[in-house]
Amino acid sequence: MPVTGPLATTPCTLPLVEVRVTEFDLACLPATGAVFDRLLALHPAQMVVDLSGCRHIDAAGIGLLLDVHRRLARADGVLTVRDPNPRIRRILHAARLHQVLPVVDTAPSSPPGTPPGGQAPTRTQPALVAHGRASVKVAH
């Protein structure tokens with residue numbers, strides 16, 4: 001007998017996924033969207049999009065961020081935008097994206113893994129960390 005009612009969500013299987021985006025406009029949207037699709041398939045509890053190396057974002061890029069945010073929120077995940085340059089921060093602010101998802105800056109003096117305030121982590125188990133690199137070729 002088919003089950004009716006709300007769709008069951010897949011539990012988060014990965015605590016954190018970080019991705020650095022250097023181009024975020026309509027021209028690279030298909031390739032960038034495909035990367036986000038693969039990352040979302042990992043069912044992360046939190047996804048951080050690092051925009052520190054990104055020089056431009058357009059409406060298509062903002063739309064993709066909102067789509068990723070909605071998809072993560074359905075699975076109780078959180079999307080955070082990290083380190084946008086001042087120009088991109090103004091664009092995100094004008095689009096009111098900061099009201100929908102966190103836009104944060106990394107403290108330059110904090111070593112990786114140090115929580116805000118400079119205190120050492122207090123957890124007893126080491127954090128799970130995964131590093132990777134993906135190359136995306138965009139045909140023009």
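The analysis underlying the following values was restricted to heavy atoms, covering all of them including side chains, and did not include hydrogens, waters or symmetry mates. The structure displayed is predicted, hence computed values, not measured ones.
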Intermediate values then yes/no, side-chain contact (heavy atoms from CB on, under 4.5 Å), Arg89 and Val103: CA-CA 8 Å; Arg89 183 176 289 278; Val103 178; 3.7 Å; yes
Can you tell if the side chain of [X] reaches within under 4.5 Å of the side chain of [Y], non-hydrogen atoms only?
X     : Y     : answer
Cys28 : Val21 : no
Thr32 : Phe24 : yes
Leu16 : Met47 : no
Ile62 : Ile57 : yes
Cys54 : Ile88 : yes
Leu51 : Val81 : yes

Identify each donor-acceptor pair in which a side-chain atom of residues 93-102 lies under 3.5 Å from a protein atom, sequence neighbours left out, and give them as a table.
from, atom 1, to, atom 2, distance (Å)
His93, ND1, His98, ND1, 3.4
His93, ND1, His98, NE2, 3.3

Counterpart residues, side-chain hydrogen bond (donor to acceptor under 3.5 Å, both in side chains), relative to Arg87 (two or more places apart):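 Here the qualifying residues are His56.
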Set of side-chain contact (heavy atoms from CB on, under 4.5 Å) partners for Arg82, sequence neighbours left out: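 Listed in chain order: Glu18, Val48, Asp50, Val104, Thr106.
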Test side-chain contact (heavy atoms from CB on, under 4.5 Å) applied to Leu29 - qualifying residues, sequence neighbours left out: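 Per chain and number, Leu29 pairs via side-chain contact (heavy atoms from CB on, under 4.5 Å) with Leu26, Ala60, Leu64.
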Smallest separation among heavy atoms of Ala45 and Pro15, with atom names: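 Nearest heavy atoms, Ala45 then Pro15: CB-O, 3.5 Å.
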Shared hydrophobic cluster for Leu14 and Phe36 (ILVMFWY, side-chain gaps under 4.5 Å):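 Same cluster: Leu14 reaches Phe36 through Ile, Leu, Val, Met, Phe, Trp or Tyr contacts under 4.5 Å.
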Leu40 reachable from Val49 in the ILVMFWY side-chain graph, under 4.5 Å edges: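 Yes; tracing contacts between hydrophobic side chains, which count when under 4.5 Å, links both residues.
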Please set out all donor-acceptor pairs under 3.5 angstrom arising from side-chain atoms of residues 65-72, sequence neighbours excluded.
from, atom 1, to, atom 2, distance (Å)
Arg71, NH1, Asp37, OD1, 2.8
Arg71, NH2, Asp37, OD1, 3.1

Nearest-0.5 Å distance that lies between atom CZ in Arg20 and atom OG1 in Thr22: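 Result: 8.5 Å between the selected atoms.
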